[in-house]
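These notes are about the structure you will find just below.
Below, chain A is the first sequence line, B the second, and so on; all start at residue 1. Note that these values count all heavy atoms, side chains included, but never hydrogens, waters or copies made by symmetry.
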Number of protein chains: 2
Amino acid sequence: MNVRVYVTPKKGILDPQGAAVERSLPNLGFQGVSGVRVGKIIDLSIDGAASVDAAREQVDDMCRKLLANPIIEDYTFEIEE
Amino acid sequence: MNVRVYVTPKKGILDPQGAAVERSLPNLGFQGVSGVRVGKIIDLSIDGAASVDAAREQVDDMCRKLLANPIIEDYTFEIEE
């Protein structure tokens, strides 16, 4: 099964990478861009999961333990059989 | 307009971050995970674009000039009015 995980900084959490992008854009001639937030995509394949539900549980566990920091980041994911 | 940009390492390009995640997973008890690739999500708002087409052109330009490195990364994006 192919999995795509989306990890984004929680609202209200400082995002220095997003702030750096936002400050750079006007210098490159892009006006009117605001609210820049930078997150992560993690693509992966899981073999041997008994079902989509089992895979879902496993990926959720992976997100909480390694892929995201639940204190400062939100995550969602999509599983494709 | 709200924009979400997806930046992923091109196929065949070494992805050390993905490799690090992949090597960590078995130590945490997750078996059967392969092909881990880590990319970026950039969320932003654009004001003052005349149309969706104009915004699309602007975002594409932003991707090529700042948000992605087209030599080693692919990008796609979604625009929501």
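- Here the options are A:Val36, A:Val21, A:Val38, the test is side chain to side chain contact (heavy atoms under 4.5 Å, CB included), and the partner is B:Leu67; only A:Val21 passes.
- Of the atoms belonging to B:Asn2, not a single heavy atom falls under 4.5 Å from chain A.
- Each side-chain hydrogen bond (donor to acceptor under 3.5 Å, both in side chains) pair with one or both residues in residues 19-41 of chain A, not counting sequence neighbours, would appear here, but there are none.
- Scanning all heavy atoms of the two residues, the minimum distance from B:Leu28 to A:Lys65 falls at CD1-O, 4.4 Å.
- Between A:Asp61 and B:Phe30 there is a side-chain heavy-atom pair separated by less than 4.5 Å.
- Under the 4.5 Å side-chain criterion, counting only non-hydrogen atoms from C-beta, A:Leu25 is in contact with B:Leu66.
- When hydrophobic clusters are built by joining Ile, Leu, Val, Met, Phe, Trp and Tyr residues whose side-chain heavy atoms come closer than 4.5 Å, directly or via intermediates, A:Ile72 is not grouped with A:Tyr75.
- Near-neighbour residues of residues 3-18 of chain B relative to chain A, defined by a heavy atom under 4.5 Å from a heavy atom of that chain, comprise B:Arg4, B:Tyr6, B:Val7, B:Thr8, B:Gln17.
- The candidate with the highest count of non-hydrogen atom pairs below 4.5 Å against chain A, out of B:Ile41, B:Leu44, B:Asp47, is B:Ile41.
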